[in-house]
Amino acid sequence: MANSFSKIPAAFYQNPNVVEVARNLIGKYLFTRLDGLVTGGYIVETEAYNGPIDRASHAYGNKRTPRTETMFMPGGVAYIYLCYGIHEMLNIVVSVEDEPLAVLIRAIDPAIGLDVMQSRRNMAVIKPNITMGPGSVAKALGISRKINAISLQSDTLWLEDRGLTFTDDQIAVVPRIGVDYAKEDALLPYRFYVKGNPYVSRPVKGK
DNA sequence: GTGTGGATCGTCT
DNA sequence: GACGATCCACACT
């Protein structure tokens, strides 16, 4: 599986501007290697969670619990947790130690290991929803809480810059999904996605 | 295409 | 004991 691309360095994740990182993650390739099986694709949808001052964040008010502890680690690790009792979610921890910022990976455009992803998702036929939505991304890539807090410099879960870029015109910037309870913070333009990409979950009409 | 409800459990109050 | 950074199937238009 040798290729000419290298892992994105830790410095990329240690940027304290989580919204900027969420935007810059669009177009980056995300991979997992589990039991020798490599799966991945490029990120087409993200959401920023702005730590202590963001009501939608698990770390709002600097809340530190066994679950949220991972968010307080230095940027460049994965924060994985269970939602609705069913779905695992993958987040990229951003900034420095004790700054609990993270970016939720909501969708990828699958590129490598389609057959493996299809099998993990129990799909008879490959459809866009194979990696549409955060729960689906984690399931297709085999991501679970067993690898919570793993380094993105590992050979199990990592990101690469393969030179794919999108201009601001090609990226929609809209409010996040499913965070109505966060009151005014629910309106913040912290969600980014590639306009017109078929893997984006719930694209906003007209954008 | 749109809307509704069921699944299912860890985490924190 | 309540609820969540969700997904899917199925009904109905």
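Lettering of chains follows the sequences in order, A, B, ..., and the numbering in each one begins at 1. All values below were derived from every heavy atom in this structure, side-chain atoms included, with hydrogens, water molecules and symmetry-related copies excluded.
Taking 4.0 angstrom as the limit, A:Tyr190 places none of its side-chain polar atoms (N or O) nearer than this to OP1 or OP2 of C:dA5. Taking side-chain N and O atoms only, A:Tyr84 has a distance below 4.0 Å to OP1 or OP2 of C:dT6.
Per the geometry, NE2 belonging to A:His58 stands 16 Å off P belonging to C:dC3, to the nearest Å. A straight line from CG of A:Asn91 to P of C:dT6 spans 11 Å, rounded to a whole angstrom. Taking atom OH of A:Tyr181 as the reference point, atom C1' of C:dG4 lies 7 Å away to the nearest angstrom. As a whole-Å value, the separation of A:Ile80 CD1 from C:dA5 C1' is 15 Å. The distance from atom CZ of A:Arg191 to atom C1' of C:dT6 is 13 Å, rounded to the nearest whole Å. Distance A:Leu101 CG to C:dA5 C1': 15 Å, rounded to the nearest Å. Residue A:Lys127 contributes atom NZ, which lies 12 Å from atom C1' of C:dC7 at whole-angstrom precision. Atom CD1 of A:Ile130 is separated from atom P of C:dT6 by 20 Å (rounded to the nearest Å).
Between A:Lys63 and A:Ile86, the residue anchored nearer the 5' end of DNA chain B, judged by the nucleotide with its closest heavy atom, is A:Ile86.
Across all strands shown, nothing is found opposite C:dA5 as a Watson-Crick or G-U wobble partner with both distances under 3.5 Å.
Residue-level contact check: A:Arg176 touches neither bases nor backbone, having no heavy atom under 4.0 Å from any strand. Note on A:Arg202: nothing from the nucleic acid sits closer than 4.0 angstrom, heavy atoms only. Contacts of A:Leu82 with the nucleic acid, taken as non-hydrogen atoms under 4.0 Å apart, involve only primed sugar atoms and P, OP1 or OP2. Using a 4.0 Å heavy-atom cutoff across all strands shown, A:Ser201 reaches no nucleic acid atom at all. Within 4.0 Å of A:Arg121, counting heavy atoms only, lie sugar-phosphate atoms of the nucleic acid but no base atom.
Residues A:Asp54 and A:Tyr49 have side chains that never bring a donor and an acceptor to within less than 3.5 angstrom of each other.
Cation-pi geometry between A:Arg162 and A:Tyr42 is not met: the NZ or CZ atom fails to fall both under 6.0 Å from the ring centre and inside 45° of the normal. Taking the centre and axis of the six-membered ring of A:Tyr193, the NZ or CZ atom of A:Arg202 falls outside the cone set by 45° and 6.0 Å.
With a 4.5 Å cut-off on side-chain heavy atoms, A:Arg176 and A:Leu104 do not count as touching.
With a cutoff of under 4.0 Å to any heavy atom of chain A, the contacted region of DNA chain B is bounded 5' to 3' by B:dA7 to B:dC12.
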Between A:Gln118 and A:Ile126, does a side chain to side chain contact (heavy atoms under 4.5 Å, CB included) hold up when you go through it step by step?
CA-CA 6 Å; A:Gln118 182 182 6; A:Ile126 292 180; 3.6 Å; yes
Stepwise salt bridge (Lys or Arg N to Asp or Glu O under 4.0 Å) test for A:Glu69 and A:Arg64
CA-CA 6 Å; A:Glu69 198 61 32; A:Arg64 247 178 135 129; 2.8 Å; yes
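With A:Thr39 as the fixed residue, the side chain to side chain contact (heavy atoms under 4.5 Å, CB included) test singles out one of A:Thr131, A:Ile108, A:Leu141: A:Leu141. The side chain to side chain contact (heavy atoms under 4.5 Å, CB included) with A:Tyr13 is formed by just one residue from the set A:Ile8, A:Val93, A:Val18; it is A:Ile8.
A donor and an acceptor atom never sit less than 3.5 Å apart when one is taken from the side chain of A:His87 and the other from the base of C:dA5.
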